[in-house]
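For reference, the structure discussed in these notes is given below.
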Amino acid sequence: MASIKDVAAEAGVSVATVSRVLNDHPSVSEDARTRVLTAVRALGYRPNAVARSLRTDQTRTLGLVISDVLNPYFTELARAVEEEARALGYSVIIGNADERPDLQDHHVRTLLDRRIDGLLVSPTDGGSPLMLDAARAGTPMVFVDRWIPGVDVPVVRADGRAAVRDLVAHLYGLGHRRLAIIAGPAATTTGSERVEAFRAALAAHGLPLPDAYIGQGDFQAESGRRVTEGFLDLPEPPEVVFAADNLMALGALDAVRARGLRVPDDLALAAFDDIRWFVHTDPPVTAVAQPTDELGRAAVRALVDRIEGRPGESVTLPARLVVRRSCGEPPVTPTATNRSQS
C-alpha cells in the first residue's frame, strides 16, 4: 500500500506539500497540486483516516457512531445529540454499528475521512485499535454510554448501580428470592458493569447469583428470548428475570407468552433501559431509567469543548428505578380525588 512518502517522491515534492494538497490548503501552486493528484491516482494512495482528522480548519460537523439504531435507547440518544449539536451550530452524521466491531470501525474511518470536527462513539467492544489510534492522534472524541478502558477521552454515561440496588431491594420487599439476569456482552463496559451491580445488590440481601441464573445475551431481542427459555427449563426456574437492556426484556416477554405463561404471575420481569413502550405492555414493565436526553446533550457539549480548545470533562449522571407492575407490584388504587376527577 502506497504511503504519503511514496506520493511525495513520485510527485517530486515534500510530504508537507502532499498534506497541504490533500487538505485543500490554498498555499499550493497549481503545478504542485496537479503533480500530487496525478501521483495519488497512479499509486492508488488512500490518506490515513486518523492523520487526515488532524487539521486546523473546521467543517462544523460531528460524527456519532451508535451501537444499534434499532434500540430505542440509542434512537433517543441520537435525537438528543442531533438537537444539542444543532443548537451549538453543528451538524451530525450518524453511523450504526449494529453491535458489530468491524462495522463500528468502518464508520469511524469513514467519518474521519469526511473530515468531521469531532467524534462521539458508543463502543461495541473494548478492543478497537482504531479508536486508540484516533485518540492518540489528537482527534477530538468523547465516549457516550459505553467506553473503552485505557483510551484517554471523556466519558459521558449513567451510573446505574444505585438504581440496581433499589431494584433488588424492591424485588426483595415483594418476596422474591430467586433472581436471574440476562447479561449483555462481557466485552462491553455496560454488559459487565450491570452484572456486577446486580450481583453486589443481591449479596447485600444475602442472596446468591448462581451460574445457572446468569444468561449471556447480546443486547438483542432474540438473545433475551433464548436465555429466558433456558431459565424456564431449569429444575428450579427463577422467580424474576432482570434483562440488562430493553430489547432483551422484550425478547424475554415473548418467551414467557410463547409458553402460555403470564408476567408476573408465572415469572416477574424487570429491565435496564426504560423505553416509552414499557408503559404500553401488559403489564407495564418495571425498569431502570437512564437520563438519555441529558446524556446526549452533555456528550455534545463535552465534545464541542474539546473541539474548541477547552478541556472536555467526563460526566456521570444517576439512573433511577421506575416501578410499574411487571414484578408483582400491587395495583395502584385510585384516591378519592382521582375518582372524582374521572
Side-chain angles (χ1 to χ4, degrees), residues 159-186 188 190-275 278 281-290 319-332:
D159 187 344
R161 289 174 295 182
V164 171
R165 286 197 300 271
D166 290 344
L167 171 64
V168 171
H170 170 68
L171 297 172
Y172 190 89
L174 292 172
H176 298 301
R177 299 295 182 267
R178 301 194 308 276
L179 281 62
I181 183 170
I182 308 173
T188 63
T190 48
S192 58
E193 185 180 74
R194 290 169 193 175
V195 172
E196 292 311 309
F198 189 63
R199 190 193 307 275
L202 289 175
H205 292 276
L207 300 177
L209 182 59
D211 290 344
Y213 282 4
I214 305 175
Q216 189 59 61
D218 59 6
F219 290 142
Q220 301 291 318
E222 180 55 38
S223 69
R225 184 181 299 109
R226 169 180 49 78
V227 170
T228 302
E229 289 172 349
F231 287 153
L232 293 172
D233 288 336
L234 290 172
E236 188 174 46
E239 298 167 316
V240 183
V241 168
F242 173 47
D245 94 319
N246 50 62
L247 292 182
M248 295 192 298
L250 293 175
L253 189 59
D254 286 345
V256 172
R257 290 175 173 171
R259 297 203 177 191
L261 304 176
R262 290 184 57 83
V263 172
D265 300 345
D266 301 297
L267 182 69
L269 176 65
F272 201 104
D273 282 344
D274 193 21
I275 54 176
F278 281 166
T281 59
D282 183 19
V285 176
T286 291
V288 171
Q290 299 195 78
R320 62 187 178 89
L321 175 63
V322 178
V323 174
R324 296 193 178 102
R325 292 191 289 108
S326 61
C327 296
E329 294 89 348
V332 177

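Hydrogens, waters and symmetry mates are skipped; everything else that's a heavy atom, side chains included, is used. All of these numbers come straight from a predicted model, not from anything done at the bench.
Ring orientation note: the planes of Tyr213 and Phe231 are nearly perpendicular, at an angle over 60° on the 30°/60° scale.
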Working for side-chain contact (heavy atoms from CB on, under 4.5 Å), residues Leu179 and Leu202: CA-CA 8 Å; Leu179 281 62; Leu202 289 175; 3.5 Å; yes
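Nearest heavy-atom pair across Ala163 and Val288 is CB-CG1, 3.6 Å. Closest of all the heavy-atom pairs between Ala255 and Leu232 is O-CD1, 4.4 Å. A pairwise comparison of heavy atoms in Leu269 and Ala249 identifies CD2-O, 3.7 Å as the closest pair. Between His205 and Val168, the shortest heavy-atom distance links the atoms CD2-CG1, 3.8 Å. Closest of all the heavy-atom pairs between Ala201 and Arg165 is CB-CA, 3.9 Å. Between Thr281 and Val285, the closest heavy-atom pair is OG1-CG2, 3.4 Å.
Ion pairing between a basic and an acidic side chain is recognised when a charged N comes within 4.0 Å of a carboxylate O; Glu229 and Arg226 show no such pairing.
Atom CG of Leu247 is separated from atom CG of Asp273 by 9.0 Å, given to the nearest 0.5 angstrom. Distance CG/Asn246 to CD1/Ile275: 4.5 Å, rounded to 0.5 Å. Annotation: the span from Leu253 atom CG to Arg225 atom CZ amounts to 10.0 Å, rounded to 0.5 Å. For the atom pair Arg259 CZ and Thr228 OG1, the distance stands at 9.5 Å (nearest 0.5 Å). Here the straight-line distance linking atom CD1 of Ile182 with atom CZ of Phe272 works out to 14.5 Å at 0.5 Å rounding. To the nearest 0.5 Å, atom CZ of residue Phe242 and atom NE2 of residue His176 are 14.0 Å apart.
Put simply, the side chain of Asp282 reaches to within 4.5 Å of the side chain of Arg257, judged on heavy atoms. Between Ser326 and Pro264, the closest side-chain pair of non-hydrogen atoms is not below 4.5 Å. In this structure the side chain of Cys327 reaches within 4.5 angstrom of the side chain of Leu174, judged on heavy atoms. In this structure, the side chains of Thr286 and Leu321 come closer than 4.5 Å at one or more pairs of heavy atoms. Residues Val241 and Val256 form no side-chain contact, since every pair of their non-hydrogen atoms from C-beta on lies 4.5 Å or further apart. For the pair Glu239/Leu171, no side-chain contact is recorded, criterion being any heavy-atom separation below 4.5 Å from C-beta on. When side chains are defined from C-beta on, Phe278 does not count as touching Val322, because their heavy atoms never get closer than 4.5 Å.
The main-chain N or O of Ala244 is found under 3.5 Å from a side-chain atom of Arg194 such that the two form a donor-acceptor pair.
Of the residues listed (Gln290, Arg324, Arg320), the one engaging Asp274 in a side-chain hydrogen bond (donor to acceptor under 3.5 Å, both in side chains) is Arg324, and it is the only one.
Checked against salt bridge (Lys or Arg N to Asp or Glu O under 4.0 Å), Glu329 has no partners two or more places apart in sequence or in another chain.
Other residues, nucleotides and ligands contribute at most 12 non-hydrogen atoms within 6.0 Å of the CZ atom of Arg161.
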